[in-house]
Every structure is written in structure tokens, then in C-alpha cells.
Amino acid sequence: MANSGEPVGTTTQSVRGHFITFEGGEGAGKTTQIARLAQRLRENGLSVVTTREPGGSPGAEAIRHVLLSGAAEQLGPEAEAMLFAAARADHVDSLIRPALQRNDWVLCDRFIDSTRVYQGLTGAVPARIIVALEAISVGDCKPDLTLLLDIPADIGLYRAAQRRGDAAVDRFEKDGSEIQERRREGFLALARGEPSRFAVIDAAQDTETVAEAIWYAVRTRLGIGGLGN
Ligand code: T5A
């Protein structure tokens with residue numbers, strides 16, 4: 001678990017690199033835009049680690065399979081939330097925190113806000129459990145910037161279906177557009193509550209326009225305007 005041996009929610013290790021998370025609904029374009037941003041940062045001579053949740057470390061990838069196949073659904077929402085937290089704790093300990101301590105940039109596809117929305121706001125898991133699991137799994141390893149790729153649920157689901165082709169729909173993608181729209185509203189509510197951490201990006205635009213909006217947000221929010229194009 002993150003910070004083993006430390007009181008829950010605290011750490012003695014300071015985070016030095018930049019930690020950016022990408023959040024949003026299904027098919028919002030997170031994977032596409034993480035690759036674009038990583039390339040741009042590398043062109044500026046920066047060391048970048050890209051990763052995803054659930055997953056990102058061998059242990060967490062094993063848990064990802066259990067979660068997205070739907071095998072854990074019958075255990076109930078709280079058990080699913082605990083599995084997301086267990087995966088996250090391993091991911092933070094084995095990949096994210098060491099990368100930040102090396103002064104790398106970490107770009108992560110989904111993180112704490114996905115749990116807050118999918119399991120919490122639009123799931124059935126009480127807020128006090130979400131808060132406790134987050135403290136145990138993440139401690140103070142919080143994102144410096146969260147890019148919320150906001151998109152109408154129907155457009156996101158259409159894009160996700162196009163990308164998926166004939167492959168089976170996963171545990172959370174199978175939920176209809178009504179719940180996906182509630183998730184969208186949940187993310188937007190989180191962004192309103194933490195405006196200094198979140199930048200909301202209109203992800204319904206074309207890929208190039210979204211990439212430019214993200215680049216502007218990264219440069220201005222993280223105070224690195226000196227970076228080139
Ligand atoms: N989950 C996750 C929880 O419930 N709790 C948690 O705590 C966490 C961490 C993960 C699932 O787990 C749930 C949420 C998810 O349901 P996943 O397989 O990792 O599932 O999938 P997602 O994160 O949902 O990501 P997707 O792969 O569905 O979508 P992306 O990455 O947002 O989108 P992307 O880049 O793959 O693009 C989708 C398609 O659209 C095209 C792309 O080419 C691609 O074909 N596209 C565009 N088309 C037009 N215009 C643009 N601007 C486009 N950008 C991309």
C-alpha cells in the first residue's frame with residue numbers, strides 16, 4: 001500500500017515532478033491526447049512517463065482484468081471500489097511516486113476522480129468510504145493538474161464503439177447514455193469544486209484543437225510558458 005508504515009494520508013517523501021491526470025467519460029479522447037502531450041513534452045527535452053488506471057503496474061494490470069471483465073461486479077460496489085484502490089496503491093508505490101521523485105512528468109489516464117465519479121457520485125459507494133480508500137491508496141500523491149476532457153455522453157460512446165469494433169463492451173462502458181451523462185455532470189461538479197486543479201477542455205472538438213487547448217492549459221497552469229511549441 002502507499003506510504004506503508006506511515007499514518008494514513010501522510011508521507012515523508014516530497015513530490016518533485018509534474019503529475020497530470022486525464023479524466024472524462026468513455027471515448028473522450030484521453031488516450032489520444034496523452035500520446036500527443038507526451039510527444040510534445042519530449043520534444044522539449046523533458047522526461048515523460050505515460051500510464052493508465054486501472055493498471056499501470058503488473059499487479060494493478062492483473063486487477064484491471066478482474067474489474068473490466070465484470071468478474072468483480074457480483075461482489076458489490078464497495079468491493080469493486082476496494083479493488084480500484086488496491087490497484088491504485090500498487091501503481092502509486094511502484095510507478096508514479098518513483099517517477100515523480102526522479103523529476104519525471106507523469107501523465108496518467110484516469111485517477112482518483114474516476115473513482116469519485118464512477119464508484120462515488122454515480123455509484124453506490126458512500127463518500128466516507130471513497131475518502132478513506134483515497135487516503136490509503138494515494139496519500140499526498142495528488143495530481144498537480146487534472147485535464148477534464150468534457151464531451152456529451154452520446155458522442156463519447158459513439159467514438160468508443162468505433163474504436164472497439166467487434167470487441168466486447170466492458171463493465172462500465174455498457175452503462176447507457178443516461179448514466180454516462182450523470183458521470184459527465186459528476187466530473188464537471190468536481191471541477192467546479194477544485195478550479196485550481198482542474199482545467200476543463202471541450203473534447204468534442206477535432207483532435208488538433210483539443211491538443212492545442214491542452215498544451216495551453218499545461219503551459220499556463222504549471223507556469224512553464226517558456227516551453228517551445
Ligand atoms: N474506472 C476507472 C472506474 O470505474 N473507476 C476508476 O477508479 C477508474 C480508474 C476504464 C474503465 O474503468 C472505469 C472507467 C472506465 O469505464 P478503459 O478501457 O481504460 O476503461 O477506457 P476509458 O478510460 O474509458 O478510455 P476509452 O479508451 O474509452 O477512451 P479514451 O481513451 O478517452 O479515448 P480514445 O483516445 O481512445 O479515443 C476514442 C476514439 O475516438 C477517437 C480515437 O481515434 C478513438 O478511435 N478520437 C476522436 N475522434 C474525433 N475527434 C476527436 N477529437 C477524437 N479524439 C479521439
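For ligands, and for the atoms within them, numbers begin at 1 and follow the listed sequence. All of these numbers come straight from a predicted model, not from anything done at the bench.
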Margin query: As an exercise, identify every atom of ligand 1 less than 4.0 angstrom from a heavy atom of Thr115.
Written below: 6 (C), 7 (O)
Next item on the list: Can you pull out the closest protein heavy atom to atom 13 (C) of ligand 1? Residue, atom name and distance to 0.1 Å, please.
Entry: Phe172 CD1, 3.7 Å
Check: Any N or O on Ala28 sitting closer than 3.5 Å to an N or O of ligand 1?
Finding: yes
Check: Between Ser196 and Arg221, do the side chains contain an N or O donor and an N or O acceptor separated by less than 3.5 Å?
Finding: no
Check: Is any N or O atom of Gly29, backbone or side chain, closer than 3.5 Å to an N or O atom of ligand 1?
Finding: yes
Margin query: For atom 43 (O) of ligand 1, what is the closest protein heavy atom, and at what distance to 0.1 Å?
Written below: Thr32 OG1, 4.2 Å
Check: Can you list the ligand 1 atoms lying under 4.0 Å from a non-hydrogen atom of Glu53?
Finding: 9 (C)
Next item on the list: Among residues two or more places apart or on two chains, list those pairs meeting salt bridge (charged side-chain N to carboxylate O under 4.0 Å, His left out) that have a residue in residues 23-33.
Entry: Glu26-Arg110
Notebook entry, point to check: For atom 29 (O) of ligand 1, which protein heavy atom lies nearest, and how many Å away is it?
Noted result: Gly27 N, 3.2 Å
Item checked: Salt-bridge criterion met for Arg197 and Asp113 (N-O under 4.0 Å) -> yes
Next item on the list: Around atom 23 (O) of ligand 1, find the nearest protein heavy atom and jot down its residue, atom name and distance.
Entry: Arg110 NE, 2.7 Å
Note to self: Using a 4.0 Å cut-off to any heavy atom of Arg64, which atoms of ligand 1 qualify?
What the structure shows: 17 (P), 18 (O), 19 (O)
Note to self: Yes or no: does Gln162 have any heavy atom under 4.0 Å from an atom of ligand 1?
What the structure shows: no
Check: If you round to the nearest 0.5 Å, how far is CD of Glu80 from CD of Glu73?
Finding: 6.0 Å
Item checked: Atoms of ligand 1 close to Gln119 [distance to a heavy atom under 4.0 angstrom, numbered from 1] -> 3 (C), 4 (O), 5 (N), 6 (C), 7 (O)
Next item on the list: Could you establish whether Glu26 and ligand 1 come within less than 4.0 Å of each other, counting only heavy atoms on the residue side?
Entry: yes
Check: Measuring from Ile179:CD1 to Arg184:CZ, what's the distance to the nearest 0.5 Å?
Finding: 15.5 Å
Note to self: To check your reading of the model: name the closest protein heavy atom to atom 8 (C) of ligand 1, its residue, and the distance in Å.
What the structure shows: Phe84 CE2, 3.4 Å
Checklist line | Option nearest atom 25 (O) of ligand 1 (shortest heavy-atom distance, choices Glu23, Gln205, Glu134, Lys30) | finding: Lys30
Margin query: Minimum distance, heavy atoms only, to atom 26 (P) of ligand 1: which one of His91, Arg163, Glu80 is it?
Written below: Arg163
Checklist line | Interatomic spacing from CG in Asp109 to CD1 in Ile20 - rounded to 0.5 Å | finding: 13.0 Å
Check: Does Arg88 reach ligand 1, in the sense of a heavy atom lying below 4.0 Å from it?
Finding: yes
Item checked: Criterion ring-ring contact (aromatic ring centres under 6.0 Å, His included) on Phe19 and Phe111, from CA distance to verdict -> CA-CA 11 Å; Phe19 184 19; Phe111 198 59; 5.0 Å; yes
Next item on the list: Could you tell me the residue and atom name of the protein heavy atom closest to atom 50 (N) of ligand 1, and the distance to it rounded to 0.1 Å?
Entry: Arg159 NH2, 3.2 Å
Next item on the list: Spell out, yes or no, whether Val138 and Ile129 are grouped together once hydrophobic residues are joined by side-chain heavy atoms under 4.5 Å, including indirect joins.
Entry: no
Enumerate donor-acceptor pairs with a distance under 3.5 Å from any side-chain N or O in residues 119-126 to protein atoms, sequence neighbours excluded.
unit_1, atom_1, unit_2, atom_2, d
Thr122, OG1, Val117, O, 2.8

Checklist line | Within reach of ligand 1, part of Leu68 (heavy-atom separation under 4.0 Å) | finding: side chain
Checklist line | Nearest heavy-atom neighbours spanning Gln180 and Ala153 | finding: CB-CB, 3.6 Å
